[in-house]
Amino acid sequence: FSFLGFFGFAMLVRTLLLLVVASFCHSFPRPTYLSPEATPFPFPRSVTNGTTTLLLDAASFAITTTSQSALLQQRIAMYKTTILPQQSALTPLAGAAPSPSSTLKTLSVAVGSDSEMLNDTTDESYTLTVPVAGDAHLFAPTIYGAMHGLETFSQLVERTLEGQLQLRGCPWSVTDRPRFAHRGVLVDTSRHYIPLATLRTVIDEMAQNKLNVFHWHMVDAESFPFNSSSLPLFVKGAYSKTAVYSPQDVAALVQYAKARGVRVMAEFDTPGHAASWGVGYPAITNPCGFIENTPLDPTVNETYSVLQTLLGELGTLFSDSLFHLGGDEVAYHCWENVPHIVQFMKDHGWGSDYSRLQQYYESQLLALAKKQMPDKQFVIYQEVFDNGVRLPAADVVVDVWKSGGILEEIAAVTKQGYRVVVANGPNGEYYLNDGFGNGDCTSAGCLYVPWTVVYMYDPVISAGLQPAQAELVVGAEVSLWAEEINQFNLEEKLWPRGAAFAERMWSESSLQDTDELAPRLARVYCKMLARGAHVSPIGPGTCEHW
């Protein structure tokens, strides 16, 4: 894929769109009041525009604010760099003549509050107006809504053939807010260690697409890359001494994400997938053949002592209001062959019903977590709900992920009054790691899912929920399980399918036309390339980095 010459961005996008049209063998209908390649992304809740083109002078254009928030001021500085490239990048094509137009001199940013609190209830709404004369104005109740508004404004700015910066379609009026509060990307750093630089890149790209939850599946059976300061033997379960994240690394990444309006939700999955835990603390696990099967031992006091210490440390490092406790895929047969566990079952009168043992463990874990993290609520995988563990609805969100019967599961969980994060679809729509090998898996659940399928899957509509149940779906996530993912191929598996998912999470549910989305997604592809992303194309064409 080559990047040709020094064409203007708008012209190249048009070329790309024509090629995409050819590849789909039919034309894409466009909204009557907007040019698709100039539309903000994800599609705003309310947007109107006109026909006037304004220019920006890279030397004099200013973004001003009265906000005292250091985080917002940092983002404004970043967007000035993004919107206003160096003058050397704006060299006009030979023979190109400048077009007369008015010039926009200032974007004024105002917020209702300078609070830097970021959690699952943060208001992310904003309004943006770009008149044909005078200053542009951005207002948001919070600094994080303002960050989204800055992203929208940056998307409206284009480079012309004459080497100028322009905004087409003025006056613009955008009133916007997300449909779902939880719009996530899961990154697995256990199956492959993912360097911090790559994690920061993913967070940058999430912010560009208005995604707001980085679900950090940090540890799993294969490795324990967290270098705990309170439990130093855990690091023995890492791949190597360098494939680890220190507490300082974690704190820095959490702050990096917060500065971009992205929350970091940590996951330490137990009692299953715990082989790496036992490398440093062998007394708390029951080794059981296949590495993925090894669980924690729920019958020994040391397990809960270790958990209490670890949760206390993690509670201080991760500031988000949600913490993921796992609970999936527990291999009961690994408990059935351990004499002291069999005796524990008999002593409690549970016979051979090992779901009762998991219920016991999860109840102990939730109590410990609430004690060590009193300001947090907890996410658990659907198996915990399915196994009948008594869960306090006010403190628990259920992560529904099993593709088989997932729509029925969403309905069942919300019917019981629990909030839900949807982490998959009936055909693996949200598992973006699938379709690239997956060992010897050839079933439908392992096939590559194209962006069109990701976009058309709406979990609330597909599950046929009643309004009260729909309110309990707090959002969804796409996943990058890392059996076959590392820092070199993560981005192209995530984008642009992650962008299609982002619009499904942000925009009105009535948007159901992949033909209409295609030219807008092509522009997202170009914009992401322009910021240095390694993103897969959706069809033939080219873009210029500008």
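Predicted, not measured: the structure shown is a model, and the values here were computed from it. Numbers here are sequence positions counted from 1.
- The aromatic ring centroids of Y430 and Y457 lie less than 6.0 Å from each other.
- Under the side-chain hydrogen bond (donor to acceptor under 3.5 Å, both in side chains) criterion, the residue pairs touching residues 174-188 are E124-R183, Y126-D176, D176-W506, R179-D458, H182-E477, D188-R191, with sequence neighbours excluded.
- One side chain, R419 or Q377, offers a donor N or O that lies under 3.5 Å from an acceptor on the other.
- Shortest non-hydrogen contact noted between A500 and W451 is CB-O, 3.8 Å.
- Side chains of S536 and W495: no donor on one and acceptor on the other come within 3.5 Å.
- Y245 has its ring centre less than 6.0 Å from the ring centre of Y193.
- A pairwise comparison of heavy atoms in M206 and N212 identifies CE-N, 4.3 Å as the closest pair.
- Counting only residues at least two apart or in different chains, salt bridge (Lys or Arg N to Asp or Glu O under 4.0 Å) contacts with residues 41-52 comprise R45-E508.
- Taking both residues in full, the closest heavy atoms of A259 and Q74 are given as CB-OE1, 4.2 Å, listed atom of the first, atom of the second, then distance.
- Electrostatic pairing of R75 and E151 does not count as a salt bridge here, judged by no charged N lying under 4.0 Å from a carboxylate O.
- Taken from CH2 in W216 to CZ in F226, the straight-line distance is 8.5 Å, to the nearest 0.5 Å.
- Between M373 and F378 the shortest side-chain heavy-atom distance falls below 4.5 Å.
- With sequence neighbours excluded, the residues that form a side-chain hydrogen bond (donor to acceptor under 3.5 Å, both in side chains) with E503 are Y455, R520.
- In plain terms, the two heavy atoms of I538 and P496 that are nearest each other are CG2-CG, 3.4 Å.
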Verify side-chain contact (heavy atoms from CB on, under 4.5 Å) between L494 and L480, making sure each step is shown before the conclusion. CA-CA 8 Å; L494 178 54; L480 294 165; 4.0 Å; yes
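- With rounding to the nearest 0.5 angstrom, the CG atom of N486 is 8.5 Å from the CG atom of L490.
- Applying the salt bridge (Lys or Arg N to Asp or Glu O under 4.0 Å) test to pairs two or more places apart or on separate chains, none has a residue in residues 103-116.
- If you take OG on S462 and CD1 on I410, they are separated by 8.0 Å, rounding to the nearest 0.5 Å.
- In this structure, F268 and F323 have parallel ring planes: the angle between them is below the 30° cut-off, well short of the 60° mark.
- Residues L72 and A146 approach most closely at CD1-CB, 3.9 Å, considering heavy atoms.
- Not counting sequence neighbours, F180 has no partner by the ring-ring contact (aromatic ring centres under 6.0 Å, His included) test.
- Aromatic rings from W481 and H217 are positioned such that their centres are separated by under 6.0 Å.
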Evaluate the side chain to side chain donor-acceptor pair (under 3.5 Å) criterion for residues D120 and S321: first the C-alpha distance (whole Å), next the side-chain angles of each, then the deciding distance (0.1 Å), finally the verdict. CA-CA 7 Å; D120 59 332; S321 50; 2.9 Å; yes
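- Note that the NZ atom of K210 and the CZ atom of F41 stand 9.0 Å from one another [nearest 0.5 Å].
- Atom NZ of K80 sits about 11.5 Å away from atom CG of L150, to the nearest 0.5 Å.
- Heavy-atom neighbours of Q255 CD from other residues, nucleotides or ligands within 6.0 Å: above the threshold of 12.
- For residues 254-265, the set of pairs meeting the salt bridge (Lys or Arg N to Asp or Glu O under 4.0 Å) definition, not counting sequence neighbours, comprises D204-R260, R263-D320.
- Closest non-hydrogen pair, A502 versus P42, comes out as O-CG, 4.0 Å.
- R504 contributes atom CZ, which lies 7.0 Å from atom CD1 of I461 (distance to the nearest 0.5 angstrom).
- For R531 and S154, the side-chain atoms include at least one donor-acceptor pair closer than 3.5 Å.
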Can you list the steps and then say if Q469 with T414 is a side chain to side chain donor-acceptor pair (under 3.5 Å)? CA-CA 5 Å; Q469 291 175 276; T414 54; 3.0 Å; yes
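- Between L165 and L55, every side-chain heavy-atom pair lies at or beyond the 4.5 Å cut-off.
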